[in-house]
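Presented below is the structure to which this report refers.
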4 protein chains.
Amino acid sequence: MNTCFDDHDDFSLDDDTLHEECGVFGVLGHPDAAALTALGLHALQHRGQEAAGIVSYDGQQFRSERHLGLVGDHYTDPAMLESLRGSMAMGHVRYSTTGGTVLRNVQPLFAELGVGGIAIAHNGNFTNGLFMRRKLISDGAICQSTSDTEVVLHLIARSRAKTSSDRFIDAISQMEGGYSMIAMTRTKLIAARDPTGIRPLVMGELDGKPIFCSETCALDIIGAKFVRDVENGEVIICEEQPDGSISIDSRKPALKQPERLCLFEYVYFARPDSIVGGRNVYQTRKNMGINLAQEAPVKADVVVPVPDGGTPAAIGYAQESGIPFELGIIRNHYVGRTFIEPTQQIRAFGVKLKHSANRAVISGARVVLIDDSIVRGTTSVKIVQMLREAGAKEVHIRVASPMIYYSDFYGIDTPDRDKLLANNHETLADMCKFIGADSLEFLSIDGLYMAVGGEKRNNALPQFTDHQFTGDYPTRLLDKEHEGEFSKIELLAGNG
Amino acid sequence: MNTCFDDHDDFSLDDDTLHEECGVFGVLGHPDAAALTALGLHALQHRGQEAAGIVSYDGQQFRSERHLGLVGDHYTDPAMLESLRGSMAMGHVRYSTTGGTVLRNVQPLFAELGVGGIAIAHNGNFTNGLFMRRKLISDGAICQSTSDTEVVLHLIARSRAKTSSDRFIDAISQMEGGYSMIAMTRTKLIAARDPTGIRPLVMGELDGKPIFCSETCALDIIGAKFVRDVENGEVIICEEQPDGSISIDSRKPALKQPERLCLFEYVYFARPDSIVGGRNVYQTRKNMGINLAQEAPVKADVVVPVPDGGTPAAIGYAQESGIPFELGIIRNHYVGRTFIEPTQQIRAFGVKLKHSANRAVISGARVVLIDDSIVRGTTSVKIVQMLREAGAKEVHIRVASPMIYYSDFYGIDTPDRDKLLANNHETLADMCKFIGADSLEFLSIDGLYMAVGGEKRNNALPQFTDHQFTGDYPTRLLDKEHEGEFSKIELLAGNG
Amino acid sequence: MNTCFDDHDDFSLDDDTLHEECGVFGVLGHPDAAALTALGLHALQHRGQEAAGIVSYDGQQFRSERHLGLVGDHYTDPAMLESLRGSMAMGHVRYSTTGGTVLRNVQPLFAELGVGGIAIAHNGNFTNGLFMRRKLISDGAICQSTSDTEVVLHLIARSRAKTSSDRFIDAISQMEGGYSMIAMTRTKLIAARDPTGIRPLVMGELDGKPIFCSETCALDIIGAKFVRDVENGEVIICEEQPDGSISIDSRKPALKQPERLCLFEYVYFARPDSIVGGRNVYQTRKNMGINLAQEAPVKADVVVPVPDGGTPAAIGYAQESGIPFELGIIRNHYVGRTFIEPTQQIRAFGVKLKHSANRAVISGARVVLIDDSIVRGTTSVKIVQMLREAGAKEVHIRVASPMIYYSDFYGIDTPDRDKLLANNHETLADMCKFIGADSLEFLSIDGLYMAVGGEKRNNALPQFTDHQFTGDYPTRLLDKEHEGEFSKIELLAGNG
Amino acid sequence: MNTCFDDHDDFSLDDDTLHEECGVFGVLGHPDAAALTALGLHALQHRGQEAAGIVSYDGQQFRSERHLGLVGDHYTDPAMLESLRGSMAMGHVRYSTTGGTVLRNVQPLFAELGVGGIAIAHNGNFTNGLFMRRKLISDGAICQSTSDTEVVLHLIARSRAKTSSDRFIDAISQMEGGYSMIAMTRTKLIAARDPTGIRPLVMGELDGKPIFCSETCALDIIGAKFVRDVENGEVIICEEQPDGSISIDSRKPALKQPERLCLFEYVYFARPDSIVGGRNVYQTRKNMGINLAQEAPVKADVVVPVPDGGTPAAIGYAQESGIPFELGIIRNHYVGRTFIEPTQQIRAFGVKLKHSANRAVISGARVVLIDDSIVRGTTSVKIVQMLREAGAKEVHIRVASPMIYYSDFYGIDTPDRDKLLANNHETLADMCKFIGADSLEFLSIDGLYMAVGGEKRNNALPQFTDHQFTGDYPTRLLDKEHEGEFSKIELLAGNG
């Protein structure tokens with residue numbers, strides 16, 4: 001799969017949604033706090049291309065810049081970085097949807113509390129966000145954004161706890177779902193991960209100053225050291241002390257639960273060079289390809305990845321099978337922000353805007369096509385067709401993850417279940433026929449577990465969350481259970 | 001005075017301030033609601049050039065467009081007007097400050113309440129806004145804007161009253177100061193004026209549908225009929241009934257007080273063709289000029305207004321004195337949004353960017369220069385100098401309002417008291433010398449009262465509020481009294 | 001008339017046209033050359049609001065900034081002014097058409113010649129521009145703009161004369177029509193006016209350095225002294241000498257002809273405070289009103305101008321007739337750049353976007369309405385209707401210029417002849433009926449001549465050009481005579 | 001090398017230069033001409049990211065859109081594509097320099113000739129462009145752009161030949177250097193390649209209609225068939241006939257010379273899936289890697305490409321050597337248009353904005369690092385340092401092309417010769433030391449020839465042009481020979 005859960009085959013644009021996939025970054029006590037944050041967000045750009053925001057605190061005032069677009073579009077302006085004064089800063093990149101994005105949803109969100117200002121940013125999604133929002137509104141809270149993150153802000157503001165960190169813990173303790181969160185007050189930088197640890201969050205260190213970010217690649221870009229993962233259910237509170245030193249306090253307000261990191265971080269989301277949960281992502285993807293080659297071998301002339309997502313698995317498949325790895329599909333890197341509202345004329349050219357067949361490799365060849373995942377399958381249809389037009393003799397699709405049957409509720413934007421390929425077709429043969437391939441195989445659940453963790457799935461106590469494949473959700477789904485019970489929210493539409 | 005309380009003589013730019021001068025408009029039950037609102041705001045543009053916002057409700061959803069700039073810059077786009085669907089709409093224009101304006105302060109403000117959405121917009125200022133804001137924050141409210149209007153929104157959200165109109169009344173009953181306010185819920189359009197009636201608000205009617213707006217000129221532009229002033233302390237609730245008819249309910253929740261409209265509406269703010277408090281503004285300004293001619297006659301060859309503010313008074317002065325009215329100063333109409341951040345080179349040319357002497361009229365003449373008011377006097381210095389350079393034999397300044405000694409706290413942005421000309425100089429002669437004129441006279445308080453209301457000031461129960469001249473504030477000034485008591489608000493700075 | 005030859009009653013947008021009304025400015029030898037040019041252009045902004053350009057020369061390189069929009073929108077940026085380095089600069093403002101304006105038509109135009117660079121800018125229009133363009137194209141010239149000014153540039157480039165000034169004279173000697181032109185080479189500032197002197201051009205002086213500009217108001221804004229008019233048929237060449245002094249050389253390459261300044265500069269175009277042809281424009285307009293009062297008296301209660309164009313004549317009419325001058329129509333100054341593409345809904349409100357009736361003045365009154373001119377009459381229809389709705393008992397229109405029967409070919413954008421009111425109706429009574437007024441009178445030709453020059457028209461040798469009224473064109477109209485003979489030019493359309 | 005001749009290691013921005021690398025596209029007779037051109041240019045985007053332009057002809061008028069930015073930023077707007085009406089269209093993408101780009105240099109260029117309009121666009125560079133420009137200027141031509149392409153336009157305009165195609169041939173016959181050119185008149189689409197065939201140009205066909213473009217990938221994206229290469233020295237004239245058919249006329253006005261395609265198209269420029277000169281580019285790059293493995297073997301654990309340029313050669317090297325191919329460096333795809341004006345803070349992070357080490361692959365490994373080429377070597381220094389920091393035990397650089405000693409004059413932007421690594425260091429050992437690698441080897445000239453053409457270099461009659469490596473320029477370098485002889489051109493600077 002080339003764009004995973006954002007499978008824009010038909011160029012339909014996403015609605016303004018409460019769900020999002022994001023990246024976060026925060027640093028405390030460093031003179032270049034905002035510049036480091038900008039660089040960290042740049043390294044996390046793959047987690048969200050829609051918008052980016054940075055908030056700093058200069059000892060007097062919180063300063064905020066939130067903008068639609070890429071980090072590099074805005075945060076390289078020296079005047080802007082200079083305006084984000086102070087030795088504390090945090091930032092957020094937000095997932096790329098095109099339609100309904102408005103600035104008031106861009107994080108970090110900020111509130112002026114009685115005890116001083118607080119800014120928060122969040123990767124993940126709450127499964128009781130709507131429930132809590134309704135409760136807050138009936139208690140007189142005013143919601144400006146459609147982001148669930150604002151709910152946390154209200155809970156902090158209304159908490160009766162004394163310190164801002166206690167208020168923060170009070171607030172998140174009321175939330176359910178997946179969240180890796182960073183918060184910043186006048187003196188503190190706070191990081192928190194949900195009890196199940198669905199989304200990643202790591203702690204690093206630069207010049208002795210603490211840093212938190214979604215992935216280690218954001219540490220690498222600034223030359224910071226990886227310290228450790230923030231644990232599931234852990235809240236880490238860093239505070240600048242009067243003597244300039246920084247205290248670090250770890251709390252575990254929730255009952256201890258086993259961590260269940262989302263397997264999709266390994267399958268698709270995280271950057272290959274990141275270390276997630278102690279594992280190099282590139283290596284886990286290569287392992288998926290190796291296991292796939294063992295599970296689903298095929299006689300072929302070339303192993304071709306759907307770039308760039310399928311490339312590591314394809315390298316693994318090629319190494320294991322001995323079939324040569326070749327760039328049979330060339331990706332057009334300029335498509336990123338282009339052709340977002342294509343005309344009918346251009347839409348017809350479909351997949352070719354992003355991918356083209358490398359005819360010399362494909363023509364006359366039996367191709368093993370490696371993709372990281374398949375969601376709706378419509379892109380696969382077009383790629384197979386493109387390869388056939390380029391002269392492929394056979395096209396065998398090997399998918400480096402299992403079949404997707406279920407929606408995500410933890411921050412990944414998923415299409416309706418009835419649009420998922422696996423739900424649309426009864427048998428693997430039907431799917432293969434729909435896609436037009438000569439054969440189609442998916443990696444098994446155990447193959448995936450082995451690739452990532454070195455062990456098969458422990459069905460009694462799964463090591464990861466794999467709900468997209470199994471329906472085994474690691475938390476209650478309160479909003480989902482009460483779907484349709486609440487009256488419609490008259491959400492404000494428009495610019496402004 | 002040419003720009004009254006926004007006396008940008010030295011091109012200093014205003015800070016992001018809680019105070020503002022504005023215009024409001026609302027209409028219920030008309031198919032062209034948003035277009036009518038855009039036109040009404042255009043007619044009210046003189047009350048605020050910084051930003052404009054419109055919110056509509058289409059029976060399903062509130063729709064909002066808020067933009068920096070003039071009404072005509074944005075709200076003439078057919079696509080935008082079309083997106084503001086529905087037969088209810090309200091809008092706001094905001095005073096032109098340059099520096100700290102950010103979109104999150106632009107009105108109408110909107111909140112999603114338990115009983116449905118509500119939008120509000122406001123002309124005026126609360127004298128207990130900061131006090132109430134502090135109280136709300138300590139109760140867990142989150143403030144996103146620096147606008148006091150948001151305080152009202154929170155009070156509505158937290159009210160225990162049942163209906164949205166009762167909540168609205170509950171909220172404004174806690175506020176002190178000057179406010180002319182419009183609110184809109186899913187079925188209601190609400191208009192309210194503070195108990196003293198400091199700022200104007202009128203009711204009109206088009207095709208049988210109610211309209212509220214700051215001045216009658218906004219009715220004229222759309223061919224609507226003037227119905228009556230909203231009374232001081234009155235809340236008018238218009239509601240669409242199931243049968244399509246519109247009920248109109250007038251309430252007076254506050255104790256009856258005498259109305260005291262702000263005299264500065266007549267002196268400077270309102271458009272000359274508007275009817276404010278039942279009086280044609282142009283006629284009151286001519287009367288000021290007539291009274292000024294009687295109070296402060298002078299032998300001269302020409303009566304010259306400082307355009308455009310001084311023109312009606314100059315016509316009155318000329319008619320009363322028999323000295324010919326001439327355009328001795330020409331205004332450059334293109335300066336409006338230009339040269340807002342002038343270079344040092346250009347700044348030195350000062351007043352000439354906006355005004356130029358009409359040498360043929362001025363040269364060799366004894367000039368009576370009529371201005372509507374004088375704030376700091378720095379513009380007057382430059383105009384007198386310009387007239388002298390153009391050959392004026394004598395320059396006699398006659399100001400069509402009294403000396404300004406006091407700050408405003410009801411929505412007019414005033415410079416610090418120690419910057420006011422009248423506070424800077426001991427005697428009229430000193431002021432005259434500072435300005436460089438041959439003589440200087442101000443209209444008396446009674447002369448102003450006579451011009452506007454036909455009677456002298458009733459000192460026991462003044463017919464208007466004239467606090468800028470007299471220090472006689474019509475309300476308590478709670479925030480002012482507690483100035484400096486509260487801890488600093490760490491207001492968020494920056495874009496976003 | 002309120003907008004004269006730009007009578008956008010129906011909001012139709014002008015085509016990309018070869019014709020234009022403009023303003024020019026140039027200065028030699030002054031360290032603040034570009035800033036002075038920006039200020040001068042700001043003072044000339046009424047001559048063109050579409051675009052503005054400035055070219056400077058810093059001894060090494062010509063530097064150019066050309067932008068759509070007002071002078072103040074762009075040329076107040078310190079960085080931009082700084083980039084326009086050098087002690088020589090010239091600039092141009094261009095008439096406001098909305099549709100087809102593209103940057104490649106914005107002046108000054110520049111060419112790299114064998115003898116060095118040259119920049120030129122032009123107010124007026126050539127009556128043989130198309131003829132010369134065709135000739136040049138058939139000789140292999142490449143035209144990038146649709147501006148006739150480019151034709152002059154090509155003639156300069158192709159001239160066999162030695163010096164750049166001789167080349168310039170060679171070039172303009174081949175052109176016919178009306179032109180006031182400024183050119184700049186590496187050492188020279190050149191000013192030229194056509195043999196008939198149709199458009200104005202004056203010479204001034206600041207700190208001993210020569211300045212040329214369209215009107216004296218551009219001298220006043222920078223405190224420069226008026227020296228004299230550039231004479232019709234004169235070319236003035238200013239050159240910086242090695243010793244830093246500036247030589248000024250006046251040449252008259254054309255046969256001596258009597259000057260015939262365009263009367264429309266007095267009627268409508270020039271700023272009231274400018275001295276054009278030695279006459280104060282405001283005074284000539286007041287005279288028009290005085291003469292109009294004598295020629296066409298009427299019993300009435302108030303004299304009301306159509307602002308701002310009709311104001312000086314209304315003051316004259318009021319003074320002569322003894323009927324009081326009142327602001328019966330209020331102009332909305334924010335309409336300038338607003339509502340340029342109005343929706344159908346808004347268009348219906350027509351004239352009210354710009355003008356509103358001051359009901360208190362108008363209601364029950366017999367109104368003398370003074371306009372500077374009438375072109376198509378459609379605006380007049382709407383204004384009369386607006387006054388009647390405001391309660392006017394009688395509306396008598398008095399126009400401070402004669403009836404317009406003919407097109408202009410010297411730089412004024414005129415509608416088709418068959419759209420002119422005077423050509424559409426047989427009698428004055430018909431026109432009056434069309435407009436809906438109680439009476440309608442125009443100033444006579446002699447009344448206009450008397451107002452401007454103090455003498456009646458010398459029919460043998462008219463003192464001015466009055467072709468719009470009389471059809472007596474001061475030059476040959478070569479392009480017009482050969483209209484339709486040439487094959488269509490496949491002018492490039494689009495942005496870029 | 002990662003960015004070849006645009007080695008922006010130090011983020012210095014290019015000057016406004018006469019040199020450029022570009023892509024061209026043209027189609028005749030197809031109803032979707034403009035949309036096809038937009039798609040073709042999108043596929044050619046790698047040849048130029050600075051600006052893109054399209055000109056169409058609709059039977060009445062030429063229409064042009066030229067914009068800075070990517071194809072997808074502008075040409076996907078349905079309204080814009082619709083405005084580019086007609087069944088003929090051509091376009092151009094221009095190389096990405098940041099500083100001095102101004103719209104007047106963006107192609108296609110257009111001229112209105114006596115025989116009708118003509119548009120031209122050009123990939124390559126003339127070696128006598130300045131010489132011809134000087135000649136034209138002294139003959140009275142006016143040059144608006146700094147693009148040599150304009151010189152051709154002038155020569156066409158001044159040609160005495162009768163037909164537009166003869167004029168075109170007349171014009172290009174006077175030019176020397178490398179050019180692949182497309183021209184469009186009212187009825188003709190013309191394609192031309194210089195006598196040596198330095199830059200590529202191919203002919204395709206869609207629905208029976210002719211297409212010309214720089215590379216075959218622009219045919220693939222629209223499903224067009226490859227017909228043949230335009231031959232060196234060939235001019236192909238396609239003309240729509242009255243009956244709707246299209247005539248195709250091939251002419252060879254120049255003396256027959258052997259073709260010498262630029263080897264850098266294979267090394268770096270062309271897209272891997274393109275067929276250039278009959279050869280699949282990907283395959284030639286793999287061959288370079290294979291030959292490199294034979295010429296310069298090394299004991300190592302992993303073969304790592306500098307992505308994306310070095311990837312095909314790395315695959316070849318890995319296959320030949322048996323050392324596993326791994327993604328040891330991850331490319332950040334969002335850097336494209338980001339961080340173009342980095343602050344000092346961010347600049348210090350250098351290469352990491354674009355590349356990051358995949359620590360798990362690199363740590364403890366002996367790395368063979370494959371780059372496509374090395375220009376200045378400064379990027380290589382940083383990449384080696386990054387790999388060492390990531391724990392590489394050894395870093396052996398293998399470059400898939402020979403050492404670069406000479407500048408290009410045929411459309412490739414090259415740094416000054418004294419900045420080239422090969423000229424800066426005496427021995428390979430010195431270079432290796434400078435870069436900090438354990439070993440450094442370059443592919444031999446013969447190795448490159450073998451990889452591309454299957455034969456060693458024929459020194460008597462080289463099969464390709466390899467002047468960057470050998471100094472053997474395929475044409476005269478007239479401008480270079482006369483460098484400094486001409487007086488400076490006072491090129492216009494600034495925006496507009």
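Throughout, a chain's letter reflects where its sequence line sits, starting with A, and its residues are numbered from 1. Just so it is clear, the structure is predicted and the values come from calculations on it, not from any experiment.
Both the backbone and the side chain of E326(C) come within contact range of chain B, each with at least one heavy atom under 4.5 Å from a heavy atom of that chain. Using a 4.5 Å cut-off between heavy atoms, Q283(C) makes no contact with chain B at all. When heavy atoms are compared at a cutoff of 4.5 Å, V281(C) does not approach chain B at all. In this structure, no portion of H74(C) lies under 4.5 Å from any heavy atom of chain B. No part of A390(C) comes within reach of chain B, as not one of its non-hydrogen atoms sits under 4.5 angstrom from that chain. Looking at A318(C), neither its backbone nor its side chain comes within 4.5 Å of chain B, counting heavy atoms on both sides.
Using modelled atom types and a 3.5 Å distance limit, the side chains of D73(C) and H67(C) yield no donor-acceptor pair. There is a side-chain donor-acceptor pair under 3.5 Å between Y266(B) and R279(B).
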Any chance you could lay out the side chain to side chain contact (heavy atoms under 4.5 Å, CB included) test for R285(C) and M288(C), step after step, and finish with the verdict?
-> CA-CA 5 Å; R285(C) 286 182 193 161; M288(C) 294 172 207; 4.2 Å; yes
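Between chain C and the options V361(B), L327(B), D220(B), I362(B), heavy-atom pairs under 4.5 Å are most frequent for L327(B). Taking T216(B), N358(B), I329(B) one by one and counting their heavy-atom pairs under 4.5 Å with chain C, the maximum is reached by N358(B).
Summarising the geometry, atom SG belonging to C213(B) is positioned 9.5 Å from atom CZ belonging to F226(B); distances are rounded to the nearest 0.5 Å.
Annotation for E82(B): atom CD does not count as buried by contact number, only 12 or fewer foreign heavy atoms lying within 6.0 Å.
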